[in-house]
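Quick note: numbers below take in every heavy atom, side chains included, and nothing from hydrogens, waters or symmetry partners. Numbers for residues simply follow the sequence, beginning at 1.
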Amino acid sequence: MPKKKPAKIQSSPSLKTRDYNASPPEANYINLTYLQEIAGGDVRFMSDIIILFLQQSPENVKNLNFLAKQNDWENLRKLVHKMRSPITLVGIEKLLKLLTKLEANTSKLIRLESVPSLVNLFTEVWEKAVIELQIKLNNLSQNNLEE
């Protein structure tokens with residue numbers, strides 16, 4: 001039976017010019033150990049989770065930036081909480097740390113002046129992690145086709 005190709009990834013405009021076949025960025029932002037454990041070696045499951053993350057996260061990051069600019073702390077806090085699980089699945093520890101700070105600041109309404117810079121840093125790290133995830137997805141797809 002022929003192997004099914006992964007779904008086409010919808011990326012944010014800032015990511016469309018990236019070369020996903022290039023070498024990964026210098027820093028490693030993702031750690032797929034947890035995803036590998038829960039997938040039990042199922043490459044298709046891992047690919048599906050990565051695809052889902054890559055499809056959904058651009059809209060979440062766009063909303064995160066919008067809510068921060070609007071000073072909408074309650075909805076920003078809710079969005080941050082919603083983003084935690086998918087980021088945990090794909091193992092982006094730096095983003096989890098930023099989410100923790102954002103959630104604490106917006107739920108307690110403290111250090112709100114730091115929220116825009118935290119969101120900017122979040123966006124920068126997210127963009128680099130997305131490149132790594134796309135490269136990993138391409139590698140998973142290639143390995144799956146070779147089997």
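Listed here is the closest heavy atom pair of Leu76 and Thr106: CD2-CG2, 3.5 Å. In this structure, Asn28 and Glu132 approach most closely via the heavy-atom pair CA-OE2, 3.2 Å. The minimum heavy-atom distance linking Ala129 with Ile30 is given by the pair O-CG2, 3.9 Å. Annotation for Lys94 and Val125: closest pair CB-CG1, 4.0 Å, computed over non-hydrogen atoms.
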Would you give me the side-chain donor-acceptor pairs under 3.5 Å for residues 35-42, sequence neighbours excluded?
| unit_1 | atom_1 | unit_2 | atom_2 | d |
| --- | --- | --- | --- | --- |
| Asp42 | OD1 | Arg44 | N | 3.1 |
| Asp42 | OD1 | Phe45 | N | 3.1 |

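Inter-residue side-chain proximity for Leu102 and Thr100 is flagged as unmet; no heavy-atom pair is nearer than 4.5 Å. No side-chain heavy atom of Tyr29 sits under 4.5 Å from any side-chain heavy atom of Ile131. The closest side-chain heavy-atom distance from Arg84 to Glu103 is below 4.5 Å. Asn31 has its side chain out of reach of Glu93: every pair of non-hydrogen atoms, C-beta onward, lies at least 4.5 Å apart. Counting heavy atoms from C-beta on, the side chains of Ile92 and Leu133 come closer than 4.5 Å. Between Ile87 and Phe122, the closest side-chain pair of non-hydrogen atoms falls below 4.5 Å. Side-chain contact between Pro58 and Trp126: present, with at least one pair of heavy atoms (C-beta onward) separated by less than 4.5 Å. Residues Phe53 and Leu89 fail the side-chain proximity criterion, which asks for heavy atoms closer than 4.5 Å.
With hydrogens and angles left out, the side-chain atoms of Gln134 and Asn138 include a donor and acceptor closer than 3.5 Å.
The OG atom of Ser57 lies 13.5 Å from the NZ atom of Lys62; values are rounded to the nearest 0.5 Å. Note: Asn105 CG to Glu113 CD = 8.0 Å, rounded to the nearest 0.5 Å. Separating the NZ atom in Lys136 from the OG atom in Ser141 is a distance of 11.0 Å, to the nearest 0.5 Å. The CG atom of Asn75 sits 10.0 Å away from the CG atom of Asn63 when rounded to the nearest 0.5 Å. Atoms CG and CZ, from Leu109 and Arg77 in turn, are 9.5 Å apart once rounded to the nearest 0.5 Å.
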Worked verdict on Glu74 versus Lys78 for side chain to side chain contact (heavy atoms under 4.5 Å, CB included): CA-CA 6 Å; Glu74 178 62 20; Lys78 289 176 184 176; 3.1 Å; yes

Pair Val90-Tyr34, side chain to side chain contact (heavy atoms under 4.5 Å, CB included): steps then yes or no: CA-CA 8 Å; Val90 294; Tyr34 178 64; over 6 Å; no

Side chain to side chain contact (heavy atoms under 4.5 Å, CB included) between Leu79 and Asn60, intermediate numbers included: CA-CA 7 Å; Leu79 178 60; Asn60 287 336; 3.7 Å; yes

Full working for side chain to side chain contact (heavy atoms under 4.5 Å, CB included) between Leu121 and Val119: CA-CA 5 Å; Leu121 182 56; Val119 169; over 6 Å; no

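Side chain of Asp72 to main chain of Ala68: no donor-acceptor pair is present (N/O by atom type, distance under 3.5 Å, no hydrogens or angles).
Taken together through direct or relayed side-chain contacts under 4.5 Å among Ile, Leu, Val, Met, Phe, Trp and Tyr, Val80 and Ile110 form parts of separate hydrophobic clusters.
Residues that satisfy the salt bridge (Lys or Arg N to Asp or Glu O under 4.0 Å) test with Lys97, not counting sequence neighbours, are absent from this structure.
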